[in-house]
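Keep in mind that the numbers below use all heavy atoms, side chains included, and drop hydrogens, waters and symmetry copies. Everything numeric here is computed off the predicted structure, so don't read it as measured data.
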Amino acid sequence: MRIRIVDAFADRPFTGNPAGVLLLDDVFPDDDWLQNVAMEVNHAETAFAHPLPEGGDADWALRWFTPVTEVAMCGHATLATAHVLHTTDAHEGPVRFATRSGVLIATPGADGSLTLDFPTAPLTPAEPPAGVAEALGAQPLAAFDTGPDVGDLLVELADEKTVLGLSPDHKALGSYSARGVIATARAEDPACGYDYVSRCFFPNVGIDEDPVTGSAHTALAPYWSPRLGSDDLTGLQASRRTGLVRTGLRGARTLLTGRAVTVIEGDLRA
């Protein structure tokens, strides 16, 4: 079958977040095979999708695997899958994915972008856990639990420079949530084209630092929108690869908009 590597939340190769994408003809193979393929691809996530019968609530079934485990939600690999479906003419118009996080919709834009419709993460204020400042290398101003689908501890830091300068103890960060830690701050200069910055560290799913994380922005949008006075913002995830995510807070749903680029296409022979 064909396998593709797609850079998501990117408008040029070697930026954004790479994801493996496999379009299957029928039902999912056994979980061990899916996990082994994801381990072989060795990117943050590999997405597997197969078409569903017409007339249902969704068009394609979709699952996501890191190199070490299946995850409940993944934004960049969903964007990458929608990109493959549209660029290969496997699907036209909005596509509805049946996932562990419910039905997720990806809608193509006239400008070549794709907009994902995801559930907004519930934010619960929390005391910064003991030791998290030492593990991060910076003192949080505030901390929030992001709910079961995202599974992270969200922490606001003093400023953009502090977020960019983090050099955390990745192993230690695994003690504070199911997946990891999102560190964020207000943009130093919104004229640069983004309103807030973030970095995401997910040691519990085998990813020390994720390049660009769509699911994290379902928590970042409801955090920053009321503070910055706009439902429509742009976040910069400041990993080495970097990527921009346009966020639209719509109550219980969050829209995530970005682009994607296919960089590798070949045959999977296993």
Side-chain angles (χ1 to χ4, degrees), residues 17 44-45 64-76 100-101 118-188 194-228 233 235-243 245 247 249 252 254 256:
N17 200 350
E45 268 88 12
W64 315 277
F65 287 76
T66 78
V68 299
T69 190
E70 184 173 9
V71 295
M73 179 190 293
C74 180
H76 87 278
R100 287 173 57 183
S101 297
F118 270 44
T120 299
L123 299 181
T124 304
E127 287 296 321
V132 72
E134 292 75 15
L136 268 177
Q139 181 63 48
L141 303 180
F144 292 81
D145 179 83
T146 60
D149 286 340
V150 175
D152 297 326
L153 179 71
L154 171 66
V155 297
E156 182 185 355
L157 301 183
D159 50 34
E160 180 176 340
K161 185 181 297 184
T162 301
V163 173
L164 298 183
L166 291 175
S167 183
D169 180 339
H170 295 106
K171 183 177 180 180
L173 289 182
S175 304
Y176 302 110
S177 67
R179 184 171 68 167
V181 174
I182 305 166
T184 188
R186 187 186 305 247
E188 183 175 338
Y194 54 91
D195 302 289
Y196 57 89
V197 298
S198 66
R199 290 175 67 188
C200 295
F201 309 103
F202 303 144
N204 290 339
V205 293
I207 305 164
D208 282 348
E209 180 167 6
D210 199 35
V212 189
T213 314
S215 60
H217 285 76
T218 68
L220 289 163
Y223 185 75
W224 284 114
S225 284
R227 288 163 176 79
L228 299 179
L233 299 172
L236 170 70
Q237 193 156 330
S239 66
R240 185 176 64 84
R241 294 174 65 101
T242 75
V245 183
T247 56
L249 185 62
T254 293
L256 310 172

Hey, does the side chain of S225 reach the backbone of P222 with a donor-acceptor pair shorter than 3.5 angstrom? no

Interatomic spacing from CG in D210 to CG in N17 - rounded to 0.5 Å: 4.5 Å

Do V212 and H76 come within less than 4.5 Å of each other through their side chains, counting heavy atoms only? no

Do the side chains of H217 and T254 get nearer than 4.5 Å, heavy atoms only? no

From CD (E45) to OG1 (T69), nearest 0.5 Å: 10.0 Å

Considering non-hydrogen atoms only, spot the tightest contact between L256 and G214 and give its length. CD1-O, 3.3 Å

Tell me if a side-chain donor or acceptor on T184 pairs with a main-chain N or O of V197 at a distance below 3.5 Å. yes

Provide the closest heavy-atom pair for R186 versus L228 in the form atom of the first, atom of the second, distance. NH1-CD2, 3.1 Å

Of all heavy-atom pairs linking P211 and S239, the shortest is O-OG, 2.8 Å

With sequence neighbours excluded, what pairs up with A135 under the side-chain contact (heavy atoms from CB on, under 4.5 Å) test? A172, L173, Y176

Which pair of non-hydrogen atoms, one from G180 and one from P203, has the smallest distance, and what is that distance? CA-CD, 4.2 Å

Given the ring of Y223, does R227 sit roughly above its face, with NZ or CZ under 6.0 Å from the centre of the six-membered ring and within 45° of the axis? yes

Contacts table for residues 157-166: side-chain donor-acceptor under 3.5 angstrom, sequence neighbours left out:
{"from": "D159", "atom 1": "OD1", "to": "K161", "atom 2": "N", "distance (Å)": "3.4"}
{"from": "D159", "atom 1": "OD1", "to": "T162", "atom 2": "N", "distance (Å)": "2.9"}
{"from": "D159", "atom 1": "OD1", "to": "T162", "atom 2": "OG1", "distance (Å)": "2.6"}
{"from": "E160", "atom 1": "OE1", "to": "E188", "atom 2": "N", "distance (Å)": "2.7"}
{"from": "E160", "atom 1": "OE2", "to": "Y194", "atom 2": "OH", "distance (Å)": "2.7"}

Looking only at heavy atoms, what is the nearest atom pair of A143 and V155, with distance? CB-CG1, 4.0 Å

I'd like to know if the side chain of R179 pairs up with that of T146 as donor and acceptor (distance under 3.5 Å, no hydrogens or angles considered). no

Under the 3.5 angstrom rule, does the side chain of S177 hit a backbone N or O of D152 as a donor-acceptor pair? no

If only atom types and distance count, is the side chain of S101 paired as donor or acceptor with the main-chain N or O of A72 below 3.5 Å? yes

Is E209 close to R240 at the side-chain level, that is, under 4.5 Å between some pair of heavy atoms? no

For the atom pair CG (L220) and OH (Y196), what is the distance rounded to the nearest 0.5 Å? 5.0 Å

CD/E134 to CG/D169 distance, rounded to the nearest 0.5 angstrom? 10.5 Å

Hey, are T247 and W224 close enough side-chain-wise for a donor-acceptor pair under 3.5 Å? no

Who pairs with F118 by ring pair (Phe, Tyr, Trp, His ring centres under 6.0 Å), at least two apart in sequence or on another chain? none

Between the main-chain N or O of G206 and the side-chain N or O of T66, is there a donor-acceptor pair closer than 3.5 Å? no

d(F201 CZ, T213 OG1) to nearest 0.5 Å is 10.0 Å

Could you give the distance from OG (S215) to CE (M73), rounded to the nearest 0.5 Å? 6.5 Å

